*Asks:* 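Structure incoming, see below.
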Amino acid sequence: FIFMVIAVSALFGEPWFQCRMWDSTDVSNILALGDNYESSVLFIISGYQYVSSAMAFNFGFEFRAPWIQNWVFAMFSIGWTVLHVVITLVPSPLSCFFRVNCGNEDITVGSVVSGLVQIQNPFNTTVMPVSFRWILVTIMMANLFSNMAWEYYFVNGLLQRFIDKYKGKKPEPEHEPQYE
């Protein structure tokens, strides 16, 4: 949530950004509501938060295989990371499939409707400046590393030692579990 607030705050601080105002109370057309910079930024950041949370939760528990042995999960994590970075940095038919970072010249059949639908905002685009796209990638990576650090050092480190101390357990010697 904090990283979404940071991303939207960064968006509202950009000189090129104009908050979209609707002149209608009709909310039946989801494409007209979603074709704006605010929803694009929230989609990019929140979509990657799912990936980064899954990566962070892979740490811990002595019976869980390390990343290097969990190659299917590692490949999915790398794949989704590449996908998010590409749709954030490169306006293309792939990003237009998600109606993110899309101009009318790149529209494609999307995930919501079956036909070609133009970008429905006054600018006819949801493409953001390159400098802001790099800000979004930086926020995504900061979110990833902070999630991993929190899970690895605090939840599985300090918090676990505190719980063990509270329950009166002696800390076990550091050893690597053996996996087959």
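In this text the structure is predicted, and so the values were computed from the model without any measurement. Computed over heavy atoms, backbone and side chain alike; hydrogens, waters and symmetry mates excluded.
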*Asks:* Could you check M128 against I44 for side chain to side chain contact (heavy atoms under 4.5 Å, CB included), going step by step and ending with a plain yes or no?
*Replies:* CA-CA 12 Å; M128 297 168 269; I44 289 168; 4.0 Å; yes
*Asks:* Is the closest side-chain heavy-atom distance between W150 and N147 below 4.5 Å?
*Replies:* no
*Asks:* State the CG-CZ distance between N143 and F1, to the nearest 0.5 angstrom.
*Replies:* 13.0 Å
*Asks:* Identify the two heavy atoms, one from M4 and one from S46, that lie closest to each other, and give their separation to 0.1 Å.
*Replies:* SD-CB, 3.6 Å
*Asks:* Working note: V85 + M140, criterion side chain to side chain contact (heavy atoms under 4.5 Å, CB included); need CA distance, chi angles, decisive distance, verdict.
*Replies:* CA-CA 9 Å; V85 170; M140 288 169 20; 4.2 Å; yes
*Asks:* Nearest 0.5 Å, what's the OG-CG distance between S131 and L136?
*Replies:* 10.0 Å
*Asks:* Can you sort out the partners of Y153 under ring pair (Phe, Tyr, Trp, His ring centres under 6.0 Å), two or more places apart, ordered by chain and number?
*Replies:* none
*Asks:* Considering all heavy atoms of both residues, which atom of S77 and which atom of V51 are nearest to each other, and what is their separation?
*Replies:* O-CG1, 4.2 Å
*Asks:* Can you list everything that forms a ring pair (Phe, Tyr, Trp, His ring centres under 6.0 Å) with F43? Sequence neighbours excluded, please.
*Replies:* F98
*Asks:* If you measure from CE on M148 to OG on S53, what distance do you get to the nearest 0.5 Å?
*Replies:* 10.5 Å
*Asks:* I want to know whether W80 and Y50 have ring centres closer than 6.0 Å.
*Replies:* no
*Asks:* Which heavy-atom pair separates N101 from R133 by the least distance, and what is that distance?
*Replies:* ND2-CD, 3.1 Å
*Asks:* Rounded at 0.5 Å granularity, tell me how far CZ in F132 sits from OG1 in T88.
*Replies:* 10.5 Å
*Asks:* Taking all non-hydrogen atoms of both residues, which atom of G47 and which atom of H84 are closest, and how far apart?
*Replies:* C-NE2, 3.3 Å
*Asks:* Is any side-chain heavy atom of F97 closer than 4.5 Å to a side-chain heavy atom of I87?
*Replies:* no
*Asks:* Taking all non-hydrogen atoms of both residues into account, name the closest pair between F73 and A54 and its distance.
*Replies:* CZ-O, 3.4 Å
*Asks:* Not counting sequence neighbours, which residues clear ring pair (Phe, Tyr, Trp, His ring centres under 6.0 Å) with F76? List them please.
*Replies:* none
*Asks:* Could you check whether any side-chain heavy atom of I6 comes within less than 4.5 Å of a side-chain heavy atom of I45, counting everything from C-beta outward?
*Replies:* no
*Asks:* With a 3.5 Å distance limit and no angle check, can you tell me whether S95 reaches the backbone of C102 through a side-chain donor-acceptor pair?
*Replies:* no
*Asks:* Taking it one step at a time, do F17 and E38 satisfy side chain to side chain contact (heavy atoms under 4.5 Å, CB included)?
*Replies:* CA-CA 10 Å; F17 171 72; E38 299 94 322; 3.5 Å; yes
*Asks:* Just so I know, are the side chains of Y37 and W16 near enough to count as touching, which here means a heavy-atom distance under 4.5 Å?
*Replies:* yes
*Asks:* If you measure from CE on M141 to OG1 on T81, what distance do you get to the nearest 0.5 Å?
*Replies:* 5.5 Å
